Amino acid sequence: MVLQSVSASFPLTTTSGFSRSARVAVSSAGRINSCCFMRMKEQRKVVCACVAPPRNLGSDESSTTKFNDSFKSESLSTVREPEDDSDVLVECKDVYKSFGEKDILRGVSFKIRHGEAVGIIGPSGTGKSTVLKIIAGLLAPDKGEVYIRGRKRAGLISDEEISGLRIGLVFQSAALFDSMTVRENVGFLLYENSTMSEDKISELVTETLAAVGLKQVEDRLPSELSGGMKKRVALARSLIFDTTKESIDPEVLLYDEPTAGLDPIASTVVEDLIRSVHMKGEDALGMPGKIASYVVVTHQHSTIRRAVDRLLFLHEGKVVWQGMTNEFTTSTNPIVKQFASGSLDGPIRY
Ligand SMILES: Nc1ncnc2c1ncn2[C@@H]1O[C@H](COP(=O)(O)OP(=O)(O)OP(=O)(O)O)[C@@H](O)[C@H]1O
């Protein structure tokens with residue numbers, strides 16, 4: 001997993017010219033040090049506006065139902081995609097990415113539809129995090145296309161000037177700014193980029209923290225929080241948005257191994273939290289979640305079972321299988337069978 005170099009990109013969203021409707025809130029292993037600041041400078045342009053004009057999305061419910069009814073898959077050869085793509089928020093089409101001599105992605109294709117909860121699984125080093133970074137616009141594909149709401153993205157997220165979809169990226173660790181309070185961490189984008197008053201931002205921070213089940217932690221420093229609380233704060237930071245805007249674009253959240261390193265119960269808490277902030281869920285305040293769709297990269301079986309509905313299996317640079325979560329353990333695909341059982345015997349070699 002290569003997280004550190006991107007972890008520093010969170011504060012870059014404050015750069016001038018940033019489109020408020022589009023942001024990448026990156027949370028990662030996070031101490032701010034001089035090295036990070038250097039990277040921030042280098043990446044200043046990377047995190048910025050994203051994306052494309054609204055398409056005709058159906059109602060949340062109908063688009064989700066349509067997907068569930070029409071999508072049946074066991075192997076890619078039998079996949080029948082729904083023909084109506086008006087609810088596709090993100091599409092990767094034949095994406096390639098190499099790092100030096102290493103060919104990591106070799107023709108990755110998939111779609112994320114409005115209302116979906118998708119997991120990306122697969123062996124270590126197969127490029128799952130790379131896919132998230134490409135969706136987020138932090139990395140550009142060498143070949144292939146990324147479409148955001150039907151519109152091809154030319155390069156990195158910063159190259160786009162128009163909006164239509166907010167993309168948030170929540171990294172494995174919190175990447176909270178150590179010297180800032182929880183309030184300052186969560187409200188960071190709004191303090192820097194919105195015209196909202198400090199009081200209003202503070203109110204919104206409190207509300208957003210409450211939505212992820214945190215109360216009276218606003219004045220604490222990250223060092224005074226547990227690991228699970230830090231993850232919640234990072235999530236709150238990716239959820240908060242400018243409420244003074246006339247229209248709020250739908251949001252896709254990308255989670256990179258959100259339960260890695262957590263004990264089973266803490267994992268369940270985070271998995272439920274991920275569900276709760278989805279539009280089909282209910283947050284800690286009993287309000288419908290604000291996230292239109294999300295993608296979770298995970299190795300944890302509990303997260304696969306509990307937090308996502310559909311899976312993409314990435315192996316040797318391609319999506320080799322996709323299916324609904326309940327098909328994962330019963331699949332006869334040898335790669336999936338081996339991965340699901342953790343067996344040493346099978347096509348996946350270490
Ligand atoms: N910026 C980079 N520069 C060089 N190599 C990179 C970079 N980013 C990723 N890689 C390499 O690409 C490969 C895929 O990395 P990635 O983090 O996407 O895999 P992953 O499937 O998420 O792995 P894991 O399951 O172990 O977290 C790895 O071999 C990694 O070392």
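The structure displayed is predicted, hence computed values, not measured ones. Index from 1, following the sequence. For ligands, and for the atoms within them, numbers begin at 1 and follow the listed sequence.
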Among S129, S124, A260, G317, whose heavy atom sits nearest atom 26 (O) of ligand 1?
-> S124
Just jot down the ligand 1 atoms closer than 4.0 angstrom to any heavy atom of K102, in number order.
-> 29 (O), 31 (O)
Select one of side chain, backbone, both or neither to describe which atoms of I104 lie under 4.0 Å from any atom of ligand 1, heavy atoms only.
-> side chain
May I ask you to check whether over 12 heavy atoms, not counting those of E198, lie within 6.0 Å of atom CD?
-> no
Against heavy atoms of H299, which atoms of ligand 1 measure under 4.0 Å?
-> 24 (P), 25 (O)
Report yes if K128 has an N/O atom closer than 3.5 Å to an N/O atom of ligand 1; otherwise report no.
-> yes
With only distance considered, is G127 within less than 3.5 Å of ligand 1 through an N or O on each side?
-> yes
N or O contact, F99 vs ligand 1, cut-off under 3.5 Å | no
Any ring-ring contact (aromatic ring centres under 6.0 Å, His included) pairs touching residues 327-346, not counting sequence neighbours?
-> F313-F339
Does one side chain, of S267 or S302, offer a donor that lies under 3.5 Å from an acceptor on the other?
-> no
Given the options R306, H301, Q300, T303 meets side chain to side chain contact (heavy atoms under 4.5 Å, CB included) only with Q300
For ligand 1, is there an atom lying under 4.0 Å from some heavy atom of K133?
-> no
Can you list every pair that meets ring-ring contact (aromatic ring centres under 6.0 Å, His included) and has a residue in residues 252-292, with sequence neighbours left out?
-> Y255-Y294, H278-Y294
Paired with L253, the side chain to side chain contact (heavy atoms under 4.5 Å, CB included) test is passed by just one of V296, V295, L235, namely L235
